[in-house]
**Student:** 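The structure under discussion is supplied below as structure tokens; questions concerning it will follow.
For the numbers below, each heavy atom of this structure counts, side chains included, while hydrogens, waters and symmetry mates do not.
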Amino acid sequence: MEKITLTERPDLKEQAEAAGFSFHTMYGEPYWDETSAYAFTLEQIERDLEGPAEALHEMCREAVPYILRQESLLDRLEIPRAHRGWIAESWTRGEPELYGRFDLAYDGKGPAKLLEYNADTPTSLFEAASFQWKWLEDLLERGELPEGADQFNGIHEALVNRFREIIEQGENMHFTSVAGSTEDYGTVETLAWMANEAGIIPHYTELDKIGLTEEGQFADNESRVIGTLFKLYPWEDLLRDDFAAHLASAGCRFVEPPWKALLSNKGLLPVLWEMFPDHPNLLPAYLANDVPEAAQNRFSEQGVVEKPIFSREGQGIKIRAPGLSESAEPGPYDSHPKILQAYHPLPEFDGFKPVIGLWMAGGACCGMGIREDKSAITGNLSRFKPHFIRPGA
């Protein structure tokens, strides 16, 4: 794993705008940054990243019934009592998942370590699946990457196939996100294009335009009943929404399914550590009120990361480690219970610290995106970096 300095394409801005990538620059700083890229060997991808991600996915699925059997654990993960039966039924019925993203620390040598699982509303999909691939094609055509270089990126094809597996061809499917968020809309639009390629009829509606019919069904702003809905809106918020009382009775199929609420909760990390202690791809993690004395000693020596059980874009995260003290800006999640996870330093390249995002389509790991920051906490303005696989390596 290396960071290679490269030349930015002269027509980058035009390409980004033509592709609808309006947030390639944010607040005057590059979000998409191709002045350098990360290079990997095929062995690093297959042995250290792809295989472990699929194993982690299976472990997460084992965690779902483990959590559902324990009312006290559901309490501590703040899963609303009114919806627990409905969530359990969605798991029992085998409602299929679409996608997710594991975020890991990896330096090219040791085992990758799971930092968190974005199981419900992962973003940066367009950048990883589409714009990153176009970058690879362009640089190969221009001779700026070695001939035969590849990319760990079958995300588009894998998600089109996943849509075919879980949604009937010709079915209408609604997609929604919060109005005014260009990044969220970019993710939803990307998924809608994939669904369309799979033979599904997509409709977009802003989240606040969804209403309730007299019969108790959800409908869009054109009064079309919503039978299947992809929502880029976290389950922890939707379960507390004004419409939450109608979720189980509206006859709407949700993507991601309700049981994903258990996996998008950072309380999953202590659960995994309890179920699979000392697994090479896990870091010690505990609910903040449950840290054993031995772990407290380890945390004081190695360092600790405090995370609210609900959090997005790094908000509310605090790191305390020897020689390091960082806190993300406070957010709406600070009042929720916390977990404590052992600190694991990110590798550093030219002053930037990358986090590996591994994309899942169902249970298959299908590609990678990388975000980097000078901070040890990855936030919403952290840069997206392309990657490639060295030929013959």
**Student:** Would a hydrophobic clustering, with Ile, Leu, Val, Met, Phe, Trp and Tyr connected at side-chain separations under 4.5 Å, put Phe230 with Ile166?
**Tutor:**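 Yes, one cluster joins them.
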**Student:** Would you confirm whether the ring centroid of Tyr204 sits within less than 6.0 angstrom of the ring centroid of Tyr185?
**Tutor:** yes
**Student:** Taking atom types as modelled, is there a side-chain donor on Glu127 or His24 under 3.5 Å from an acceptor on the other?
**Tutor:**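 Checked: Glu127/His24 side chains show no N/O donor-acceptor pair below 3.5 Å.
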**Student:** Quick one: closest heavy-atom pair of Ile87 and Trp259, and the distance?
**Tutor:** CG2-CA, 3.8 Å
**Student:** Any link between Met59 and Leu49 through a network of hydrophobic side chains (Ile, Leu, Val, Met, Phe, Trp, Tyr) touching at under 4.5 Å?
**Tutor:**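 In one cluster: yes.
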**Student:** Linking I/L/V/M/F/W/Y whenever any side-chain heavy atoms sit under 4.5 Å apart, do Ile377 and Val304 land together?
**Tutor:**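 Different clusters: Ile377 never reaches Val304 through Ile, Leu, Val, Met, Phe, Trp or Tyr contacts under 4.5 Å.
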**Student:** The test is side chain to side chain donor-acceptor pair (under 3.5 Å); show your working for Thr228 and Glu171 and say whether it passes.
**Tutor:** CA-CA 9 Å; Thr228 301; Glu171 183 174 328; 2.6 Å; yes
**Student:** Is the backbone N or O of Leu232 less than 3.5 Å from a side-chain atom of Ser177, with the two atoms forming a donor-acceptor pair by type?
**Tutor:** no
**Student:** Do any N or O atoms from the side chain of Arg76 and from the backbone of Ser72 form a donor-acceptor pair under 3.5 angstrom?
**Tutor:**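 Answer holds: no.
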**Student:** Picking from Lys3, Gln151, Gln132, what satisfies side chain to side chain donor-acceptor pair (under 3.5 Å) with His387?
**Tutor:**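 One option only clears the test, and that one is Gln132.
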**Student:** So, does Gln169 use its side chain to make a donor-acceptor pair with the main chain of Ile200 at under 3.5 Å?
**Tutor:** no
**Student:** May I have the step-by-step check of side chain to side chain contact (heavy atoms under 4.5 Å, CB included) for Leu115 and Val305, ending in yes or no?
**Tutor:** CA-CA 10 Å; Leu115 302 175; Val305 182; over 6 Å; no
**Student:** Please report the closest heavy-atom contact between Ala361 and Leu159, naming both atoms and the distance.
**Tutor:** CB-CD2, 3.8 Å
**Student:** Hey, are the side chains of Leu268 and Leu262 touching, using non-hydrogen atoms and a 4.5 Å cut-off?
**Tutor:** no
**Student:** Do side-chain atoms of Gln302 reach the backbone of Tyr343 as a donor and acceptor pair under 3.5 angstrom?
**Tutor:**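 Side chain of Gln302 to backbone of Tyr343, a donor-acceptor pair under 3.5 Å: yes, one is there.
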**Student:** With side chains defined as the heavy atoms from C-beta onward, is the minimum distance between Leu229 and Phe175 less than 4.5 Å?
**Tutor:** no
**Student:** Exactly one of Leu136, Asn153, Leu42 should register a side-chain contact (heavy atoms from CB on, under 4.5 Å) with Ile389. Which one does?
**Tutor:** Leu42
**Student:** Less than 4.5 Å apart, side chain to side chain, heavy atoms only: is that true for Leu114 and His279?
**Tutor:**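 In short, these two side chains do not touch, never coming nearer than 4.5 Å.
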**Student:** Just checking Trp359 against Phe102, ring centres under 6.0 Å apart?
**Tutor:** no
**Student:** Are the ring centres of Phe310 and His336 closer than 6.0 Å?
**Tutor:** yes
**Student:** Distance alone, cut at 3.5 Å: any donor-acceptor contact between the side chains of Arg320 and Ser327?
**Tutor:** yes
**Student:** Under the side-chain hydrogen bond (donor to acceptor under 3.5 Å, both in side chains) rule, collect the residues that match up with His57, sequence neighbours excluded.
**Tutor:**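 His57 satisfies side-chain hydrogen bond (donor to acceptor under 3.5 Å, both in side chains) with Glu97 once adjacent residues are dropped.
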**Student:** Quick one, Phe40 with Phe388, criterion ring pair (Phe, Tyr, Trp, His ring centres under 6.0 Å). Give me CA distance, side-chain angles, the key distance, then yes/no.
**Tutor:** CA-CA 6 Å; Phe40 296 81; Phe388 67 96; 8.7 Å; no
**Student:** If we ignore angles and hydrogens, is there a donor and acceptor under 3.5 Å between the side chains of Asp220 and His174?
**Tutor:** yes
**Student:** Backbone N or O of Gly186 within a donor-acceptor pair of the Thr190 side chain at under 3.5 Å?
**Tutor:**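 Side chain of Thr190 to backbone of Gly186, a donor-acceptor pair under 3.5 Å: yes, one is there.
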**Student:** Looking at Gly108 and Gln44, what are the two nearest heavy atoms and their distance?
**Tutor:**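 Minimum heavy-atom separation between Gly108 and Gln44: O-NE2, 3.0 Å.
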**Student:** Does the pair Lys307 and Asp103 meet the rule for a salt bridge (Lys or Arg N to Asp or Glu O under 4.0 Å), with working shown?
**Tutor:** CA-CA 14 Å; Lys307 302 178 179 181; Asp103 287 347; over 6 Å; no
**Student:** Tell me whether Ile356 shares a hydrophobic cluster with Leu283, the cluster being built from Ile, Leu, Val, Met, Phe, Trp, Tyr side chains joined at under 4.5 Å.
**Tutor:**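 No; tracing contacts between hydrophobic side chains, which count when under 4.5 Å, never links both residues.
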**Student:** For the residue pair Pro52 and Asn281, what are the closest heavy atoms and their distance?
**Tutor:**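 Smallest interatomic distance, heavy atoms only, reads CB-OD1, 3.5 Å.
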**Student:** Surrounding CH2 of Trp133 (heavy atoms of other residues, nucleotides or ligands, distance under 6.0 Å), is the total greater than 12?
**Tutor:** yes
**Student:** Please check if the side chain of Asp237 supplies one atom and the backbone of Arg240 the other of a donor-acceptor pair under 3.5 Å.
**Tutor:**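 Not confirmed, Asp237 side chain does not pair with Arg240 backbone.
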**Student:** Tell me, do Asp373 and Arg383 make a side-chain contact under 4.5 Å, heavy atoms counted?
**Tutor:** no
**Student:** Determine whether Lys374 and Asp350 satisfy the following criterion, salt bridge (Lys or Arg N to Asp or Glu O under 4.0 Å), listing intermediate values before the conclusion.
**Tutor:** CA-CA 9 Å; Lys374 290 184 177 179; Asp350 300 328; over 6 Å; no
**Student:** Evaluate the side-chain proximity of Phe276 to Glu62: yes if any heavy-atom separation is below 4.5 Å, no if none is.
**Tutor:** yes
**Student:** Is the shortest distance from a Lys or Arg side-chain nitrogen in Glu34 or Arg9 to a carboxylate oxygen in the other one below 4.0 Å?
**Tutor:**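 Salt bridge present between Glu34 and Arg9.
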**Student:** So, Arg298 and Glu301, do they make that salt bridge, N to O below 4.0 Å?
**Tutor:** no
**Student:** Go through Asp33 and Lys385 one step at a time and tell me if the salt bridge (Lys or Arg N to Asp or Glu O under 4.0 Å) criterion holds.
**Tutor:** CA-CA 6 Å; Asp33 180 7; Lys385 303 294 294 188; 3.1 Å; yes
**Student:** Applying salt bridge (Lys or Arg N to Asp or Glu O under 4.0 Å), can you list everything that pairs with Asp184, at least two apart in sequence or on another chain?
**Tutor:** none
**Student:** Can you find a heavy atom in the side chain of Phe352 that is under 4.5 Å from one in the side chain of Arg371?
**Tutor:** no
**Student:** Whether the side chain of Ser181 engages the backbone of Val178 through a donor-acceptor N/O pair (distance < 3.5 Å, no angle test) should be reported.
**Tutor:** no
**Student:** Is the CD atom of Glu293 crowded by more than 12 outside heavy atoms at less than 6.0 Å?
**Tutor:** no
**Student:** Test of understanding: with ring-ring contact (aromatic ring centres under 6.0 Å, His included), list the residues that count as partners of Phe152, not counting sequence neighbours.
**Tutor:**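 With sequence neighbours excluded, Phe152 shows a ring-ring contact (aromatic ring centres under 6.0 Å, His included) to no residue whatsoever.
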**Student:** Go through Glu71 and Arg81 one step at a time and tell me if the salt bridge (Lys or Arg N to Asp or Glu O under 4.0 Å) criterion holds.
**Tutor:** CA-CA 9 Å; Glu71 287 293 326; Arg81 286 184 172 272; 3.8 Å; yes
**Student:** Taking all atoms of both residues into account, what is the closest heavy-atom pair of Tyr286 and Asp290, and its distance?
**Tutor:**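 So the minimum-distance heavy-atom pair works out to CD2-O, 4.1 Å.
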**Student:** State whether a side-chain donor-acceptor pair under 3.5 Å links Glu326 with Ser375.
**Tutor:**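 Short answer, yes.
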**Student:** With clusters defined by side-chain heavy atoms of hydrophobic residues (ILVMFWY) lying less than 4.5 Å apart, directly or transitively, does Leu98 cluster with Val64?
**Tutor:**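 Val64 and Leu98: separate clusters.
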**Student:** Side chain to side chain contact (heavy atoms under 4.5 Å, CB included), that's the test. Do Tyr106 and Lys113 meet it? Break it down for me.
**Tutor:** CA-CA 7 Å; Tyr106 178 64; Lys113 298 293 186 179; over 6 Å; no
**Student:** Shortest non-hydrogen contact from Pro270 to Ile339?
**Tutor:**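 Between these two residues, the closest heavy atoms are CG-CG2, 3.8 Å.
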**Student:** Would His246 and Gln217 satisfy side chain to side chain donor-acceptor pair (under 3.5 Å), going step by step from the backbone distance to the final call?
**Tutor:** CA-CA 8 Å; His246 305 281; Gln217 296 174 293; over 6 Å; no
**Student:** Between Phe21 and Trp32, what is the ring plane arrangement, given parallel below 30°, perpendicular above 60°, and tilted in between?
**Tutor:**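 Answer is perpendicular, since the angle exceeds 60°.
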**Student:** Taking Glu256 first and then Lys231, would you say they form a salt bridge - that is, a charged N and a carboxylate O separated by under 4.0 Å?
**Tutor:** no
**Student:** Under 4.5 Å between any side-chain heavy atoms of Ile155 and Phe126, yes or no?
**Tutor:** no
**Student:** Find out whether Asn265 and Ile67 are in side-chain contact, i.e. whether some heavy atom of one side chain is under 4.5 Å from a heavy atom of the other.
**Tutor:**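 The answer is no; the side chains never approach within 4.5 Å.
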**Student:** Between Trp235 and Pro257 (side chain of the first, backbone of the second, donor and acceptor by atom type, cut-off under 3.5 Å), is there such a pair?
**Tutor:** yes
